[in-house]
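Just so you know, residue 1 is the first one in the sequence shown, and it goes up from there. This is a predicted model, so every value here is computed, not measured.
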Amino acid sequence: MKICTITCHDVYNSGASLQAYALMKYLQDKGNDVEIINYKPNYLSNHYKLNIVANPKYERNVVLKTLYLALKLPGRVLALKNKKKYDEFREKYLKITEKKYTSNEELKNDPPYADVYICGSDQIWNTKFNNGKDPAFYLDFVPENKIKASYAASFATDSIDEKMRDIVRERISRLDYVGVREISALNILDDLNIKQGVQVLDPVFLLDKYQWEKLTYEVSKNEKYIFVYDFDGNDLIRDIAIEIARKKNLKIYTVFKSNYADKIVKGMGPIDFITYIKNAEFIISNSFHGTAFSIIFEKQFVVINRKENINTRMRDLLSILEISDRFINKDYDFKNIINSINYEKVDKKLSKKIDLSKNYLRNVLSSKSGVESINEEKDIICN
């Protein structure tokens, strides 16, 4: 079967690259011919422009814009050095359509051929950003006689902009299958009167630990470390990292600029990202995929709130696996942090969710009608 997926696959973010790879690889392993649509609209092509403001709410206020750019600048300068690794990952691991598209209209005029089209995963429906407003990420360009599905699409927040409600409702209603990543996304769908939503796991969970391990390398056999992945320069993360390092006699490795780390890992690409998580003794992050791979590699970890209101992604994942105590705030209890996660219990719950997620994809690829298949899937989940 020929399948085309569309997602934010080339935005120089490790999680985005790895989730795009995971869905493609899983579907390929099931014997399908899979391509990722090479979709690069202008708003997803500005990652190496230092003065770009991705979030509109910061663009409207001069003070907020200045602060935003000041906070983003160090990471963007570093990202320039990372470009080669992301490009190499894309060339080596992602099968992408030969034709590049820059707009939904271009896709409508000459859509790549497929039997099934899948949009997702990651924050493709986050209406705080341009991708959540882009009809292409709702498969608007796909002919009516083709199967259209989302897989683990994320709104990333608990609600969507009132101005976008009717538009989002109309676009999602065109899909034959609706698979979303978070429990909170089901609530949004219900609020939009869309009842066929199914909650599935991020694509990275479709591949097992051993498949991911094959992509990694050894970091250091002589030095044990905490891996800190902090988008915000969070003081709470710093304090926890220092305390754990002292109690457990560990070094602190970080990715972003830090005045407390023993090592700053520079030039990190997708393979480095999973490698440093796999080899760490403990992970502290405010990253969804940092959380996901900590679970895949069965690591001890904690998750801290992001300053941006996109924490539902981590919160819901931990809730599904019944380890919400790993999501902490300033009122944390250090004894709870260093308690080991019982991965025997986690793996049982995770395995069930993985099976349900794979079953959802089997239904999408089956010859059943969308309505019949989705109703069956909902019955399975309820049972």
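Contact check for I160 versus I188: side-chain heavy atoms found under the 4.5 Å cut-off. Counting heavy atoms from C-beta on, the side chains of L318 and T291 come closer than 4.5 Å. Residues L94 and S17 fail the side-chain proximity criterion, which asks for heavy atoms closer than 4.5 Å.
The environment of N145 atom CG is dense: over 12 non-hydrogen atoms of other residues, nucleotides or ligands sit within 6.0 angstrom. By the neighbour-count criterion of 12 heavy atoms within 6.0 Å, atom NZ of K146 is densely surrounded, having more than that number from other residues, nucleotides or ligands. K358 NZ: more than 12 foreign heavy atoms inside a 6.0 Å radius. No more than 12 heavy atoms of other residues, nucleotides or ligands sit less than 6.0 Å from atom CG of N249.
Just one of R90, K84, E91 meets the side-chain contact (heavy atoms from CB on, under 4.5 Å) condition when paired with E88; it is K84. When each of K2, Q28, K95 is paired with E35, the side chain to side chain donor-acceptor pair (under 3.5 Å) condition holds for K2 and for no other.
Listed by chain and residue number, F137 satisfy the ring pair (Phe, Tyr, Trp, His ring centres under 6.0 Å) test with Y39 (two or more places apart in sequence, or in another chain). Partners of D190 under the salt bridge (Lys or Arg N to Asp or Glu O under 4.0 Å) rule, at least two apart in sequence or in another chain, are K195. Partners of I242 by side-chain contact (heavy atoms from CB on, under 4.5 Å), not counting sequence neighbours, listed by chain and number: R238, R246, I252, Y260. Here Y229 pairs with F231, F256, F273 under the ring pair (Phe, Tyr, Trp, His ring centres under 6.0 Å) rule; sequence neighbours left out. Take F288 and apply the ring pair (Phe, Tyr, Trp, His ring centres under 6.0 Å) test, not counting sequence neighbours, and it matches no residue. Here D333 pairs with K335, N336 under the side-chain contact (heavy atoms from CB on, under 4.5 Å) rule; sequence neighbours left out. When the ring pair (Phe, Tyr, Trp, His ring centres under 6.0 Å) test is applied to F301, no partner is found at least two apart in sequence or on another chain. In this structure I328 satisfies the side-chain contact (heavy atoms from CB on, under 4.5 Å) test together with I240, V302, I304, Y332, I337, sequence neighbours excluded. By the side chain to side chain donor-acceptor pair (under 3.5 Å) test, E98 is found to be paired with no residue, residues two or more places apart in sequence or in another chain being considered. By the side-chain contact (heavy atoms from CB on, under 4.5 Å) test, A153 is found to be paired with I124, W125, S150, residues two or more places apart in sequence or in another chain being considered.
Salt bridge D158/R315: present, at least one basic N to carboxylate O contact under 4.0 Å. A salt bridge does not link K299 with E281: none of the charged nitrogens is closer than 4.0 Å to a carboxylate oxygen.
R313 places no side-chain N or O within donor-acceptor distance of the main-chain N or O of F155, the cut-off being under 3.5 Å. Between the side chain of Y177 and the main chain of G197, no donor-acceptor pair closer than 3.5 Å is present. A donor-acceptor pair is defined here as one N or O able to donate and one able to accept, closer than 3.5 Å; no such pair exists between the side chain of D176 and the backbone of A149. Side-chain N or O atoms of K40 include one that pairs as donor or acceptor with a backbone N or O of D10 at under 3.5 Å. At distances below 3.5 Å, not a single donor-acceptor pair connects side-chain atoms of D191 with backbone N or O atoms of N187. Using modelled atom types, one side-chain atom of D272 and one backbone atom of G269 make a donor-acceptor pair closer than 3.5 Å. The closest donor-acceptor contact from the side chain of S258 to the backbone of T254 lies at 3.5 Å or more, if one exists at all. Under a 3.5 Å cut-off, the side chain of Q19 and the backbone N or O of G15 do not form any donor-acceptor pair. Checking side-chain atoms of D202 against main-chain N and O of V204 turns up a donor-acceptor pair under 3.5 Å. Judged by distance alone, the side chain of S357 and the main-chain N or O of V200 form no donor-acceptor pair under 3.5 Å.
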Open item on the list: Go through it in stages, so that I can follow the logic: the residues are W212 and F205, the test is ring-ring contact (aromatic ring centres under 6.0 Å, His included), and I'd like the CA-CA distance, side-chain angles, deciding distance and then a yes or no.
Closed with: CA-CA 10 Å; W212 289 116; F205 290 104; 9.6 Å; no
Task: Residue pair E144, R174: steps toward the salt bridge (charged side-chain N to carboxylate O under 4.0 Å, His left out) verdict - done: CA-CA 9 Å; E144 288 295 333; R174 290 187 66 249; 2.8 Å; yes
TODO: Output, in order, the C-alpha distance, side-chain angles, deciding distance and verdict of side-chain contact (heavy atoms from CB on, under 4.5 Å) for V180 and V198.
DONE: CA-CA 6 Å; V180 292; V198 176; over 6 Å; no
Open item on the list: Please evaluate residues D316 and R181 with respect to the criterion salt bridge (charged side-chain N to carboxylate O under 4.0 Å, His left out), reporting the C-alpha separation (whole Å), side-chain torsions for both, the decisive distance (0.1 Å), and the verdict.
Closed with: CA-CA 9 Å; D316 284 4; R181 194 171 66 181; over 6 Å; no
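Across all non-hydrogen atoms, the minimal contact from A20 to I36 is O-CD1, 3.9 Å. Smallest separation of non-hydrogen atoms from H9 and I37: CE1-O, 3.5 Å. Of all heavy-atom pairs between D134 and P41, the closest is OD2-CG, 4.2 Å.
Legend: salt bridge (Lys or Arg N to Asp or Glu O under 4.0 Å) pairs involving residues 108-118, not counting sequence neighbours, sorted by first then second residue: K99-D110, K108-D140. Sorted by first and then second residue, the side-chain hydrogen bond (donor to acceptor under 3.5 Å, both in side chains) pairs involving residues 337-352 (not counting sequence neighbours) are E322-K349.
Between S154 and D122, the side chains place no donor N or O within less than 3.5 Å of an acceptor N or O (distance only, hydrogens not considered). Between K353 and Q199, the side chains place a donor N or O and an acceptor N or O closer than 3.5 Å (distance only, hydrogens not considered). Judged by distance alone, the side chains of Y217 and N279 never bring a donor and an acceptor atom under 3.5 Å apart. Donor-acceptor pairing under 3.5 Å is lacking for the side chains of H289 and N13. For Y86 and S14, the side-chain atoms include at least one donor-acceptor pair closer than 3.5 Å. No side-chain donor-acceptor contact under 3.5 Å links N305 and N286.
For the atom pair NZ (K25) and NZ (K30), the distance works out to 10.5 Å, reported to the nearest 0.5 Å. Taken to the nearest 0.5 Å, the CG atom of L23 stands 8.0 Å off from the OG atom of S121. Of the inter-residue distances, the one linking I295 atom CD1 with L350 atom CG reads 7.0 Å to the nearest 0.5 angstrom. Distance check: N130 CG to N42 CG gives 10.0 Å after rounding to the nearest 0.5 Å. Atom CD1 in I274 sits 9.0 Å away from atom CD1 in I296 (nearest 0.5 Å). Rounding to the nearest 0.5 Å gives a distance of 8.5 Å between CD of E213 and CG of D208.
Within the cation-pi definition used here (under 6.0 Å to the ring centroid, within 45° of the axis), K148 does not qualify as a partner of Y117.
Aromatic rings of Y225 and Y253 (six-membered ring for Trp) have centroids within the 6.0 Å cut-off, being under it.
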